[in-house]
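Below, read A as the first sequence line, B as the second, and so on, with proteins coming before strands; counting in each chain starts at 1.
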Protein chains: 2
Amino acid sequence: MSNVRALPLLDRSEAPAAAVVPCCPPLSERPFTAEEAERTARMFKALGDPVRLRLFSAVASHEGGEACVCDISDVGVSQPTVSHHLKKLKEAGLLTSERRGTWVYYRVEPSVLAAMGQLLAVR
Amino acid sequence: MSNVRALPLLDRSEAPAAAVVPCCPPLSERPFTAEEAERTARMFKALGDPVRLRLFSAVASHEGGEACVCDISDVGVSQPTVSHHLKKLKEAGLLTSERRGTWVYYRVEPSVLAAMGQLLAVR
DNA sequence: CTTTTGCTTCGACATCTGTCGATCCCTTGC
DNA sequence: GCAAGGGATCGACAGATGTCGAAGCAAAAG
């Protein structure tokens, strides 16, 4: 189950690194369609849990924009729950993970952050 | 039930209108505390539902930044459900409502939008 | 006052979500 | 090979959430 694909917020295939291509216009530009709302809500929902927000913040603020799970798993819930939330953040396209030897490192997708910021831009 | 107070994202008591005082530092500045995460997650959660996102976008993109419920309630769910979601958005501090005669108007809280944008600022 | 219209609240219900302990998988070290 | 440790998955379960129809409430119209 859960074959949810990461959000194609940004076309990373050959776009220059600085070019942020948001999935949707700013919230205040025009009413969202059902599909736009569905995609975008997934990101907001991912950050709509306190534990996930702490995990995301911990990764985002860690040096190099990445952190080992062992460095950030002190958020008051059990280890399986931490893993569960990190998975959710990955499915939302906000984090990526990579195993390096014993440890697994999570890193933020800065372009996605920027795209979300543009969603909130005031008209 | 549901005596949830609006988020004190911005001290509106006597601050100048342009001064955005976010509740929390940018997500990537330092790891969020439990309390910061709790408060901030409430906002993201409010936008983490497709119907609410459409309603919010409809209000935000409406001229004058406000809209009558009758103008935006065509989002594919029943009218009580629309009312339910608008209430949630109000409780999250993202919208305010005001009755003027027959109709009820909802309007966005622009400072809250700006504060959320700052949360997503890249370090 | 009665009716109509716009919106909220209530009650009920199915589904989703967060949480945990137990277990499994993968890598390293012996 | 085997043991140890980091991390993911599984199964279960209580509580939260989205949804609706019915009923209630407030303002305007007749």
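- The hydrophobic cluster containing V104(A) also contains V77(A), counting ILVMFWY residues as joined when their side-chain heavy atoms lie under 4.5 angstrom apart, directly or transitively.
- OP1 and OP2 of dG18(D) both lie 4.0 Å or more from every side-chain N or O belonging to T81(B).
- For the pair R100(A) CZ and dG5(D) C1', the computed distance is 19 Å after rounding to whole Å.
- Relative to the side chain of V69(A), the nucleotides dA27(D), dC7(C), dG7(D) differ in distance, and dG7(D) lies closest.
- Residue contacts for H84(A): at a heavy-atom cut-off of 4.0 Å it reaches a base atom on one of the strands shown.
- Contact annotation: K45(A) reaches the phosphate of dT17(C) (side-chain N/O to OP1 or OP2, under 4.0 Å).
- Listed here is the closest heavy atom pair of K45(A) and R52(A): O-NH2, 3.4 Å.
- Between Y106(B) and dT8(C) there is a side-chain N or O to OP1 or OP2 distance below 4.0 Å.
- For S83(A), counting side-chain heavy atoms from C-beta on, the closest listed nucleotide (dT19(D), dA8(D), dT19(C)) is dA8(D).
- Contact annotation: R52(A) side-chain N/O to dT17(C) OP1/OP2 distance is not under 4.0 Å.
- The side chain of S78(A) has dC20(C) as its nearest neighbour among dC7(C), dC20(C), dT9(D).
- Panel note: side chain S61(A), backbone L27(B); no donor-acceptor pair is recorded below 3.5 Å.
- Atom NZ in K87(B) sits roughly 16 Å away from atom P in dT19(D) (whole-Å rounding).
- Comparing D71(B) and P80(A) by the nucleotide of DNA chain C that holds the closest heavy atom to each, the one mapping nearer the 5' end is D71(B).
- Comparing dT8(C), dC26(C), dG6(C) by their closest approach to the side chain of R99(A) singles out dC26(C).
- The residue among K88(B) and T102(B) whose nearest nucleotide of DNA chain D is located toward the 5' end is K88(B).
- Nearer to the 5' terminus of DNA chain C, by closest-nucleotide assignment, is the contact made by G48(A) (compared with the other of G48(A) and Q79(A)).
- With hydrogens and angles ignored, the 3.5 Å screen pairs no side-chain donor or acceptor of S97(B) with any backbone N or O of Y106(B).
- Of all non-hydrogen atoms in L95(B) and L86(B), the two that sit nearest each other are CD1-CD2, 4.0 Å.
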